[in-house]
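Report on the structure given below.
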Amino acid sequence: MAENENRIEHEYGGSQIEVLEGLDPVRKRPGMYIGSTGPKGLHHLVYEIVDNSIDEALAGYCNHIEVTIKKGDIIEVSDNGRGIPVGIQPKLGIPAVTVVFTVLHAGGKFGGENSGYKVAGGLHGVGASVVNALSEWLTVRVRTGGDEYEQTFHRGKEDGPLKKIGKAETSGTTVTFKPDPEMFEELVYNYDTLLTRLREEAFLNAGVRITLTDERGEEPVVKSMCYEGGIRSFVDHIHRRRQLEVLHPEVIYLKGQQGDIIAEVALQYNNSYNELILSFANNVNTPDGGTHEEGFKTALTRVFNDFGREKGYLKDKDENLSGSDVREGLTAVISVKLTEAQFEGQTKAKLGNTEVRSLVSGLVYEKLKEFFEENPGVAKAVFEKATQAARAREAAKKARELVRRKSALETSRMPGKLADCREKDPSKTEIYIVEGDSAGGSAKMGRDSNIQAILPLWGKMLNVEKARLDKVYGNEKMMPVVTALGCGIGEDFDLSKLRYHKVFIMADADVDGSHICTLMLTFFFRFMRPLIEEGHVYIAQPPLFKLAKGQQVKYAYNEAEMSKMSAEMGQGVKVSRYKGLGEMNPEQLWETTMNPENRVIVQISIEDAERADETFTILMGDKVEPRREFIEQNAQYANLDI
Ligand code: TSJ
């Protein structure tokens, strides 16, 4: 029997027979183990390896993790921990390190009781063997007990046994791997994606230094991150990056422990109208929240109301502040660490452990109340903010009722500029939201009026950043969008009333156009989030170039495509660049951008919208200098992504 195979006992026909199982299942169904074989899965490989070093750091034996993207998109992860044990694992009779890389789900188990406090673990928590199975080749080097060891693998199978290769002055583990082109659709790593995730890890693990190096260009790009303030620095970072003005100078930090659960909360208020709560369980983001977030929210509302009544901020006649009132302008990071995290929901993005709810709510109630007692100035500022939010909420309710009454009288009239489609079944219809009347005109003439509706936008854009719900109700640019979509906004939002299941934003492929896209996405993100979450929002991609040669006409959507096409078409090809949608005649617009048969569209994910929201905040910020710097740094993003 091969050494790298895993023996699993199965009951079969009353007698026990032994079934051999290696890493083949991983290569047969990679999606089961890493979620996808697209870019997400590719990046997930890195996190799986890094998580092991994070565990070592949490156990208290490692404080530096280096991640390098080498030429050819080869990844190297190195730490200064104790080194993966190289001793023979009694049950399988091979070195523990070999077990880690060749046996499914073996990660961390060999350490027994002394293996330390293991909490890291990605969405799938499957570890090094899965990365090994999905790598064309992988090398592990371990420095421990004064010696250096090495073992190499190809597609999950060892090339030979673990070898001693020399002496070592220090201890640690280095893993180098090349993702297998047979397994992944895309093999190129995105520096920013890795940087964002690793920075998050650095925030969540205070004091651990994480260095990311990109060696693919001419000069290496190095970013080293270490935050002594942990999640406090995280909140501070978010406020700085978004240029938000804070209502109190210090980030409020609360920490508590109960049994083997550790909970940390960092929060600070800013003068915007948005709430941003990021929650993590064992360093894994939980975008759908769960018990830690619930505990936090309940306690926050209770602190405001109890403390507000005690101090007279809330009078007897006043109603209680609502959850959304006390979270307006709040940025919070919640991080819990526990041995047996239960992730729930279809995407495992929600924490389920009930004991966490009471720990977090108790912690926040006690400690935040105490903080407000000791810092009356801060308490006053945040109470004023929450009270104003409550007033705005009342105003929005009135505005909404006004709109409702009006539309009841007018039998919910559609906006005058909407060119509706004939089909009434929303699952078959599309709406194109188009900036500018001239492009709108072409779109109206070029569309398939059976299923495609066109809504031209006009007038001055609503400053989404400064607008609460009540402002949206009176806005002449955004209300037609709200009316045409038919599903309301904010708490009123009802996706079942959506009048078109595909919502396209169509704008010029230039800086202004990308700005419009960003604005619209931000609007949807803030006021109609489920629309994006359920995948109804798309961006139409008009071509950038037209190539003509005699009767032959082709369109290209980027420079590279244009060069390639131009070469293919040979001599005498005339290339023209479209400056805007308005330059296209209706037939061209239909053919290149709106015809479902051959158009190029981009479906917007919640992450895209979140990024737009962040970009937007920076673009609309009051301070001019950082804005220019941001645009310069993100010029590529502005042109390509939106
Ligand atoms: F697993 C892995 F290969 F993916 C990997 C593990 C990759 C990298 C880059 C680092 C590590 C790793 C593992 N770093 N540090 C450790 N530590 C242990 O495995 C270890 C060492 C000693 C003991 C002990 O009880 O003495 C226990 C453990 C779990």
Side-chain angles (χ1 to χ4, degrees), residues 4 23 26 33-34 43-70 74-90 92 94-135 137-153 156-158 162 168 170-179 194 197-198 201-202 205 208-213 282-283 339:
N4 67 334
L23 295 173
V26 182
Y33 297 87
I34 53 159
H43 289 77
H44 195 81
L45 299 181
V46 182
Y47 313 146
E48 278 300 339
I49 297 296
V50 170
D51 277 348
N52 291 278
S53 297
I54 296 274
D55 277 345
E56 186 72 354
L58 287 169
Y61 298 101
C62 148
N63 61 8
H64 193 185
I65 303 167
E66 292 177 88
V67 179
T68 308
I69 317 170
K70 298 163 101 61
I74 290 157
I75 297 290
E76 185 160 285
V77 181
S78 194
D79 72 32
N80 63 350
R82 291 167 292 179
I84 308 177
V86 294
I88 300 294
Q89 217 256 5
L92 296 172
I94 53 176
V97 56
T98 308
V99 177
V100 168
F101 283 96
T102 54
V103 178
L104 265 175
H105 304 296
K109 289 206 182 120
F110 56 88
E113 255 116 77
N114 318 322
S115 65
Y117 191 53
K118 183 175 170 61
V119 297
L123 197 58
H124 305 275
V126 282
S129 61
V130 168
V131 177
N132 193 21
L134 300 176
S135 293
W137 57 261
L138 180 145
T139 300
V140 56
R141 270 172 289 146
V142 175
R143 299 169 294 285
T144 183
D147 294 309
E148 180 160 34
Y149 301 81
E150 183 184 85
Q151 190 165 25
T152 63
F153 307 83
K157 302 232 187 312
E158 59 259 59
L162 181 73
T170 56
S171 71
T173 306
T174 302
V175 171
T176 315
F177 65 93
K178 180 178 188 296
L194 290 180
R197 174 65 189 141
L198 294 175
E201 291 274 18
N205 300 285
V208 178
R209 174 165 300 281
I210 302 182
T211 304
L212 175 63
T213 305
N282 293 349
N283 296 335
T339 32

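Since the structure is predicted, the reported quantities are computational estimates derived from the model, not experimental observations. Just so you know, ligand 1 is whichever comes first in the structure, and atom 1 is the first atom listed for that ligand.
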Q. Side chains of Phe101 and Leu162: closer than 4.5 Å at any heavy-atom pair?
A. no
Q: Enumerate the atoms of ligand 1 whose separation from the nearest heavy atom of Val175 is less than 4.0 angstrom.
A: 3 (F), 7 (C)
Q: With heavy atoms of Val77 as the reference, note each atom of ligand 1 found under 4.0 Å away.
A: 9 (C)
Q. Which of the atoms in ligand 1, numbered in the order shown and given with their element, are less than 4.0 Å from a heavy-atom of Ala128?
A. 1 (F), 2 (C), 3 (F), 4 (F)
Q: Give me the ring orientation class for Tyr47 and His44: parallel if the planes are under 30° apart, tilted from 30 to 60°, perpendicular past 60°.
A: perpendicular
Q.
Within the structure provided, determine whether Phe153 and Leu23 are in side-chain contact (heavy-atom separation under 4.5 Å).
A. no
Q) Counting only heavy atoms, which portion of Val100 has something under 4.0 Å from ligand 1: side chain, backbone, both, or neither? A) side chain
Q. Taking the side chain as C-beta and beyond, is there a heavy-atom pair between Ser78 and Ile65 under 4.5 Å?
A. no
Q. Quick one: does Gly172 get a heavy atom under 4.0 Å from ligand 1?
A. no
Q: Give the minimum heavy-atom separation between Val99 and Gln89, together with the two atoms involved.
A: CG2-CB, 4.1 Å
(Q) Is there a side chain to side chain contact (heavy atoms under 4.5 Å, CB included) between Thr68 and Ile75? Walk through the geometry before answering. (A) CA-CA 6 Å; Thr68 308; Ile75 297 290; over 6 Å; no
Q. Do Asp79 and ligand 1 have an N or O pair less than 3.5 Å apart?
A. yes
Q: May I ask you to check whether Glu158 and Thr98 show a side-chain donor-acceptor distance below 3.5 Å?
A: no
Q: Decide whether the shortest distance between a heavy atom of Phe101 and an atom of ligand 1 is less than 4.0 Å.
A: yes
Q: Please verify whether a non-hydrogen atom of Val140 lies at under 4.0 Å from ligand 1.
A: no
Q. Which ligand 1 atoms, with their elements, are less than 4.0 angstrom from a heavy-atom of Gly83?
A. 21 (C)
Q) Is Thr174 reaching over with its side chain to a backbone N or O of Arg141, donor-acceptor style, under 3.5 angstrom? A) no
Q. Is there any N or O on Glu56 that sits under 3.5 Å from an N or O of ligand 1?
A. yes
Q: Within a distance under 4.0 Å of any heavy atom of Ser53, pick out the atoms of ligand 1 and give their elements.
A: 8 (C), 9 (C), 10 (C)
Q. Under a heavy-atom criterion of less than 4.0 Å, does Gly81 contact ligand 1?
A. no
